[in-house]
Amino acid sequence: MGLLARIRKEWFIIGIVVVILSAKLQPSFGVKGGPLRPEYTVSYVAVSVIFFNSGLSLKSEELTSAVLHFRLHLLVQSFTLIFFPLAVWLLLKLLALTAINPWLLKGLQTVGCMPPPVSSAVILTKAVGGNEAAAIFNSAFGSFLGIVVTPVLLLLFLGSSSSVPFSSIFSQLFMTVVVPLLLGQLCRRFLRESLERRKLPFGTVSSFILLLIIYTTFCDTFSSPDVELEPTSLLVVVLTIFSIQLSFMLILFLFTRRSGSGFTPADTVAILFCSTHKSLTLGIPMLKIVFSGYQQLSVMSVPLLIYHPAQILLGSLLVPSFKAWMTSRQKAVKLTSLTPI
């Protein structure tokens with residue numbers, strides 16, 4: 001793969017690095033009260049556009065074939081929104097005894113509270129040949145659940161800013177997340193044929209807006225002289241993130257492949273990706289709303305910014321292995337069905 005092709009493929013991750021460096025060089029442009037006015041353009045306009053875009057692009061009609069697989073949905077959603085944050089909370093009790101930046105630890109907890117993403121889990125499930133319909137349903141349904149459940153989990157595990165009352169958080173979430181999402185879905189009902197024919201770049205639009213949010217978040221951080229990130233803490237966070245993903249995937253694999261589980265190999269693939277992936281698109285705006293006023297907000301965002309490329313990298317590396325496993329399982333089932341009784 002050539003350099004230009006690699007840049008096109010990884011442009012978003014490159015973009016994250018570029019906007020963070022830009023924020024470091026000129027933080028005054030994107031700080032609260034600066035020329036960009038992020039307290040309005042980002043907190044309200046940009047976040048609303050992201051979720052309107054999500055509602056417009058979400059193919060809810062594709063979910064009907066997977067709706068009745070209740071056991072799979074229950075496993076994915078309970079693992080994602082109950083087991084995952086609790087397990088991370090217990091792990092952080094141990095890591096809190098070390099010298100790791102406590103705000104990075106809080107950031108790891110925010111990762112645990114996030115819903116699954118709408119895109120990466122589906123793409124990887126499809127690449128392996130897993131249950132794509134189940135992946136689509138759980139990614140979409142998890143995102144809808146996350147609008148309500150994720151802020152509750154964040155407030156439960158981390159508390160909220162004393163300057164932002166609980167009611168204000170949810171009223172802002174409702175106006176900038178729920179309303180745009182529903183409006184997007186409503187518009188899609190009338191424009192579905194046109195949208196599918198034109199193949200509009202919904203994901204690219206959301207990604208560019210997300211880069212803007214990341215930029216302004218880091219502008220706030222770099223304008224504060226008190227913020228420091230030690231390389232050792234960052235290294236431990238990266239290793240912890242990969243360890244969490246691998247460990248949770250192994251737990252889910254063993255659980256779904258045990259005798260009498262009732263899950264097919266295709267189901268297992270969808271469960272592994274949907275249960276262990278976390279949404280950056282939903283996560284960063286939610287952190288911006290729930291923890292508005294925190295000077296350390298961007299430090300809390302770092303683990304989520306690391307988790308996003310890590311889950312894509314790890315998932316991509318595992319695709320060939322999962323494909324080989326799926327093929328071997330299908331051959332075994334075929335041979336069993338052909339064996340005379």
Quick check: are there more than 12 heavy atoms from other residues, nucleotides or ligands sitting under 6.0 Å from CH2 of Trp325?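 Yes, because the 6.0 Å sphere around CH2 of Trp325 holds more than 12 heavy atoms from other groups.
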
Heavy-atom count check: over 12 atoms from other residues, nucleotides or ligands less than 6.0 Å from Arg258 CZ?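 Counting neighbours around CZ of Arg258, more than 12 heavy atoms of other residues, nucleotides or ligands fall under 6.0 Å, so yes.
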
Do the ring planes of Phe137 and Phe141 sit parallel (below 30°), tilted (30 to 60°) or perpendicular (above 60°)?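 If you compare the ring of Phe137 with that of Phe141, the planes turn out parallel.
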
Could you check whether the rings of Phe248 and Phe84 sit parallel, tilted or perpendicular, using 30° and 60° as the cut-offs? perpendicular

Joint hydrophobic cluster, [X] plus [Y], side-chain heavy atoms closer than 4.5 Å:
| X | Y | value |
| --- | --- | --- |
| Val31 | Val299 | no |
| Leu239 | Ile241 | no |
| Leu92 | Leu94 | no |

Counting N and O atoms only, with roles assigned by atom type, does the side chain of [X] sit under 3.5 Å from a partner on the main chain of [Y], one being a donor and the other an acceptor?
| X | Y | result |
| --- | --- | --- |
| Thr150 | Cys113 | yes |
| Lys106 | Met300 | no |
| Gln77 | Asn138 | yes |
| Ser78 | Leu75 | yes |
| Thr110 | Gly107 | yes |

Could you tell me whether the side chain of Cys187 reaches within less than 4.5 Å of the side chain of Phe52, counting heavy atoms only? yes

Answer whether the closest heavy-atom distance between the side chains of Val76 and Thr80 falls below 4.5 Å. yes

Ring centre gap for Phe79 and Phe255 strictly below 6.0 Å: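 No, the ring centres sit 6.0 Å or more apart.
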
Sequence neighbours left out, what passes side-chain contact (heavy atoms from CB on, under 4.5 Å) with Leu250? Give chain and number order.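 For Leu250, the residues satisfying side-chain contact (heavy atoms from CB on, under 4.5 Å) (neighbours in sequence not counted) are Leu254.
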
Only one of Val237, Leu108, Thr240 passes side-chain contact (heavy atoms from CB on, under 4.5 Å) with Ile306; say which it is.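 That would be Val237.
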
